[in-house]
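Nothing here was measured: the structure is a model prediction, and the numbers come from that model. First the proteins, then the strands, lettered A, B, ... as listed; each starts at 1.
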2 protein chains.
Amino acid sequence: MARMKKETGIQESLMGLIHQYKKNIRHAVNARELGLTGMHVRVINILARLPKSEATANELVKLLGRDKAQIARLLKELIFNGLVTKQENPLDKRSQLLVLTEQGKQLTQTIKQAEQQILAQMQAGLTPEELSLFNQITLKMMNNLNR
Amino acid sequence: MARMKKETGIQESLMGLIHQYKKNIRHAVNARELGLTGMHVRVINILARLPKSEATANELVKLLGRDKAQIARLLKELIFNGLVTKQENPLDKRSQLLVLTEQGKQLTQTIKQAEQQILAQMQAGLTPEELSLFNQITLKMMNNLNR
DNA sequence: TTATTTGGTAGATAATGTCAACTAATTTAT
DNA sequence: ATAAATTAGTTGACATTATCTACCAAATAA
């Protein structure tokens, strides 16, 4: 990708960054032969961060900001691959708790390692303050649009 | 999408932002019944910014950071819809110059207007300095990954 | 001159994504 | 208490975005 200039617009900068990031993740995951896609990785990551590594599908829909049909399919695949299991949700008979299996949890370490490498490269030369500010602005923009 | 917290990771913030942005663009474009997809819009925008509104396919590949097969298809569709035409490239017989038609140029105004609205919403409450810094960091990150 | 690389086209397929329909459970309204 | 409305999840159908490959002709390198 051409070295992007400032005048191109902030949205193009963002598109370029995300595309590059996703590409790096995909290559890292493929290189480790994990048999996962980018979205699988994201679901696993989200679950790994949650208390007890569990959430309902609807919670994942909200956390990932994706359509429930897509989330259902991703979960179905992760369940099929033994990385996630379903458990009864005592609070609501319509839903189940999606939980990382032991296999899923172990995979998390591999994924984390790969991600950290890419993030480190991406953030090279930036101070903690810059990164913090960047993240804050990102969140603010997202929330601005999400209303 | 759940109000995203800081601890989720910068990459998730970015994913959330871009997803929301794309969604807003898609809705705006659909509402105006332009019959375009997000990627069409981006190609048109890039061409509109270039001197003489023209570029070779390969230049677009570089500017958009996308695979040449994808770009070829997008261009094919835009040509079919009369928004872009092909002209001989005097410098290289293998390639042609892709140029916005009058129709394409006029469409650019509509697209720009829609985009500006969304960008304004997205950037509400942020100072020019913050935005400038944000864009610089974005570009730096992208270039960090693009090596 | 020959070998290699490059620009573009199209095949084949994967990944991501949306809208709709449906059923059962839950919540809200009467 | 009962009926109406909403919601959680599943699946169908399809759109959009994206990648890798093969190929041919033109351009470049050896």
Side-chain angles (χ1 to χ4, degrees), chain A residues 1 15-16 18-27 29-31 34-44 54-81 84-98, chain B residues 1 15-16 18-31 34-43 54-81 84-98:
Chain A
M1 180 168 203
M15 301 273 197
I18 281 289
H19 186 67
Q20 202 64 31
Y21 176 78
K22 284 178 179 174
K23 193 175 183 177
N24 275 269
I25 289 287
R26 193 168 57 245
H27 288 174
V29 169
N30 289 344
L34 302 181
L36 299 175
T37 65
M39 288 303 297
H40 288 138
V41 167
R42 289 182 66 199
V43 172
I44 289 172
E54 70 184 25
T56 64
N58 208 33
E59 283 166 341
L60 290 172
V61 163
K62 291 188 172 64
L63 288 169
L64 286 161
R66 293 304 195 268
D67 184 91
K68 60 184 184 175
Q70 189 185 2
I71 299 300
R73 292 198 171 95
L74 289 168
L75 288 170
K76 189 171 182 177
E77 287 155 9
L78 290 172
I79 289 166
F80 180 76
N81 288 319
V84 170
T85 63
K86 277 190 187 179
Q87 286 173 12
E88 226 178 70
N89 178 4
L91 302 180
D92 190 340
K93 283 196 170 58
R94 296 173 303 180
S95 70
Q96 305 88 38
L97 292 173
L98 288 315
Chain B
M1 177 164 200
M15 301 274 196
I18 281 287
H19 187 67
Q20 202 64 32
Y21 176 78
K22 284 179 178 174
K23 193 174 182 176
N24 275 268
I25 290 286
R26 193 169 56 247
H27 288 174
V29 168
N30 289 345
L34 303 180
L36 301 174
T37 65
M39 289 305 297
H40 288 139
V41 166
R42 289 182 65 199
V43 172
E54 69 185 22
T56 65
N58 207 35
E59 282 165 343
L60 291 172
V61 164
K62 291 189 169 66
L63 288 169
L64 286 161
R66 292 306 196 263
D67 185 89
K68 60 180 183 175
Q70 188 185 2
I71 299 299
R73 292 196 174 92
L74 289 168
L75 288 170
K76 187 172 184 178
E77 288 155 9
L78 291 172
I79 289 166
F80 180 76
N81 288 320
V84 169
T85 63
K86 276 190 186 177
Q87 286 172 12
E88 223 177 70
N89 178 5
L91 302 180
D92 189 338
K93 283 195 172 55
R94 296 174 303 180
S95 69
Q96 305 87 36
L97 292 173
L98 288 315

Can you tell me how far CD1 of B:I25 sits from NE2 of B:H27, rounded to the nearest 0.5 angstrom?
11.0 Å
Rounded to the nearest 0.5 Å, what separation is found between the CE atom of B:M39 and the CG atom of B:L74?
5.5 Å
Of all of residues 84-94 of chain B, which get a heavy atom below 4.0 angstrom from DNA chain D, listed by number?
B:D92, B:K93, B:R94
A:V43 and side-chain contact (heavy atoms from CB on, under 4.5 Å): which partner among A:L36, A:L98, A:V84, A:L75?
A:L75
Hey, what do you get for CE (B:M15) to CZ (A:R66), rounding to the nearest 0.5 Å?
8.0 Å
Return the CD1 to CG distance between B:I71 and B:L64, rounded to the nearest 0.5 Å.
5.0 Å
The side-chain contact (heavy atoms from CB on, under 4.5 Å) partner of B:T56 among B:D92, B:N89, B:L91 is B:N89
Is it the case that the side chain of A:H19 and the backbone of A:G16 share a donor-acceptor pair, with hydrogens and angles ignored and the cut-off at 3.5 Å?
no
Any donor-acceptor pair under 3.5 Å linking the side chain of A:H40 with the backbone of A:T37?
yes
Rounded at 0.5 Å granularity, tell me how far NZ in B:K62 sits from CG in B:N58.
4.0 Å
Could you state the interatomic distance from OG (A:S95) to CD (A:Q87), rounded to the nearest 0.5 Å?
12.5 Å
Without decimals, in angstroms, what is the distance between A:F80 CZ and D:dT11 P?
14 Å
Between protein and nucleotides 13-23 of chain D, map the contacts as a letter string: B base, S sugar-phosphate only, - none, heavy atoms under 4.0 Å, written 5' to 3'.
B--SSSBB---
Using a heavy-atom cut-off of 4.0 Å to chain B, what are the terminal contacting nucleotides of DNA chain C, in 5' to 3' order?
C:dT6 to C:dT18
